[in-house]
Trainee: 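The following block contains the structure, expressed as structure tokens.
Letters A, B, ... mirror the listed sequences (proteins, then strands); counts begin at 1.
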Protein chains: 2
Amino acid sequence: MIGGFEQMVLLAALRLEGGGYAVTIRQELQERAGRHVARGALYTVLERLESKGYLSSRMGDPSPERGGRSRRYYKVTTLGVNALKDSKDAIVGLWQGLESVLGKIT
Amino acid sequence: MIGGFEQMVLLAALRLEGGGYAVTIRQELQERAGRHVARGALYTVLERLESKGYLSSRMGDPSPERGGRSRRYYKVTTLGVNALKDSKDAIVGLWQGLESVLGKIT
DNA sequence: CCCTAATGCCTACGTTGTAGGCAAAATAAA
DNA sequence: TTTATTTTGCCTACAACGTAGGCATTAGGG
């Protein structure tokens, strides 16, 4: 089973379609999910996701900018996509029909 | 921030509208999310959610069945509902528009 | 060359996830 | 009334995930 934060990282990487690396993935999380993550934290998660086979990575060429060190680009694997589907199905099953109950309490 | 599994437990409890206890919540998780959980594991999570203020509990009267020990019923608090809303917003933001990308890969 | 900027990675620890087994409480059976 | 069986709650221990600070590496600018 995939963790909640891993799921988010995977989704961010998926949206960037193989062209994302740590910095852009981090931005994605910040902007789309309003979630702040320390840089180091993200690298740890990316590494774990790759070791589980949900992500694959490749080193790019250095970019012609100041401090433009080579970036590690991440791509979601088929296994990763399936994991995302599963976790989505699980959460959707639990949410189904709950909007009304939510309103009843709020 | 609330964890992924805690979120599921909270949703199961929410659906049962205060009339759920460990056994029924566990069934809910199994049936709606296809998620098997050991009994002990669930009690731990319920306890943690209550200590964080996302759940409140009350002991019921014994039921007139064989082994009908008193049950601890759980109810999602306002704080819990808000936590659910937040986590939903975060994940929805990341999923938005991704169904097409998902299909492109599959 | 030294400085600064961008990125990757190591290390350590707090939090959440998971389950096995024991204990208690209640009825059924003997 | 004693013993067995069932249902449920809870304790304990460990694995996995979440989180961040700081160091290292590589690149261009002065």
Trainee: Is the closest basic N to carboxylate O distance between B:K75 and B:E17 below 4.0 Å?
Mentor: no
Trainee: Using the closest heavy atom to pick a nucleotide of DNA chain D for each, name whichever of A:G40 or A:P62 lands nearer the 5' end.
Mentor: A:G40
Trainee: Name the closest nucleotide to the A:R48 side chain, picking from D:dT19, D:dC11, C:dC9.
Mentor: D:dT19
Trainee: With a 4.0 Å limit, can you tell me whether A:K52 has a side-chain N or O closer than that to the phosphate oxygens OP1/OP2 of D:dA16?
Mentor: no
Trainee: Any N or O donor-acceptor pair under 3.5 Å from the base of C:dA24 to the side chain of B:R69?
Mentor: yes
Trainee: For a quick test of reading the model, state the closest non-hydrogen atom pair linking A:A83 to A:Y54 and the distance between them.
Mentor: CB-CE2, 3.8 Å
Trainee: What is the distance from OH of A:Y73 to P of C:dA6, rounded to the nearest Å?
Mentor: 15 Å
Trainee: In whole angstroms, how far is the P atom of D:dC17 from the OH atom of A:Y54?
Mentor: 8 Å
Trainee: Does a nitrogen or oxygen in the side chain of A:Y43 sit under 4.0 Å from OP1 or OP2 of C:dG8?
Mentor: yes
Trainee: Starting at atom CZ of B:R58, determine the distance to atom P of D:dG9, rounded to an integer number of angstrom.
Mentor: 12 Å
Trainee: Would you kindly check whether a donor in the side chain of B:R39 faces an acceptor in the base of D:dG9, or vice versa, at under 3.5 angstrom?
Mentor: yes
Trainee: Rounded to whole angstroms, how far apart are CG on B:D61 and P on D:dT8?
Mentor: 15 Å
Trainee: Which atoms form the tightest heavy-atom contact between A:L10 and A:G80, and what is the distance?
Mentor: CD2-O, 3.9 Å
Trainee: Under 4.0 Å between a side-chain N/O of A:R72 and OP1 or OP2 of C:dC9, yes or no?
Mentor: yes
Trainee: May I ask you to say what B:V23 touches in the nucleic acid, namely base, sugar-phosphate or nothing, with a heavy-atom cut-off under 4.0 Å?
Mentor: sugar-phosphate
Trainee: Can a side chain N or O of A:Y21 be found less than 4.0 Å away from OP1 or OP2 on C:dT7?
Mentor: yes
Trainee: Counting distance alone, no hydrogens or angles: does the base of D:dG9 have a donor or acceptor under 3.5 Å from a partner atom on the side chain of B:R71?
Mentor: no
Trainee: With no angle test and no hydrogens, is the base of C:dG17 tied to the side chain of B:R35 by a donor-acceptor pair under 3.5 Å?
Mentor: no
Trainee: Do side-chain atoms of A:R15 reach the backbone of B:L94 as a donor and acceptor pair under 3.5 angstrom?
Mentor: yes
Trainee: Between C:dA24 atom P and B:M59 atom CE, what is the distance in whole Å?
Mentor: 13 Å
Trainee: How long is the line joining CE of B:M1 and C1' of C:dG14, in whole Å?
Mentor: 17 Å
Trainee: Between the side chains of A:K88 and B:E99, is the shortest nitrogen-to-carboxylate-oxygen separation below 4.0 Å, so that they form an ion pair?
Mentor: yes
Trainee: Please determine, for the side chain of B:A22, which listed nucleotide (D:dG9, D:dC10, C:dG8) has the closest atom?
Mentor: D:dG9
Trainee: Can you check the A:L29 CG to D:dT19 P distance for me, whole Å?
Mentor: 11 Å
Trainee: How many whole angstroms separate atom CG of B:L42 from atom C1' of C:dT16?
Mentor: 14 Å
Trainee: Counting side-chain heavy atoms from C-beta on, which of D:dT5, C:dT18, C:dG8 comes nearest to B:F5?
Mentor: C:dT18
Trainee: Where is the tightest heavy-atom contact between B:I2 and B:S87, given as atom of each residue plus distance?
Mentor: CG2-CB, 3.9 Å
Trainee: Distance criterion of 3.5 Å, no angle test: do you see the side chain of A:T44 paired donor-to-acceptor with the base of D:dA20?
Mentor: yes
Trainee: Please determine, for the side chain of A:E6, which listed nucleotide (D:dT19, D:dG18, C:dG17) has the closest atom?
Mentor: D:dG18
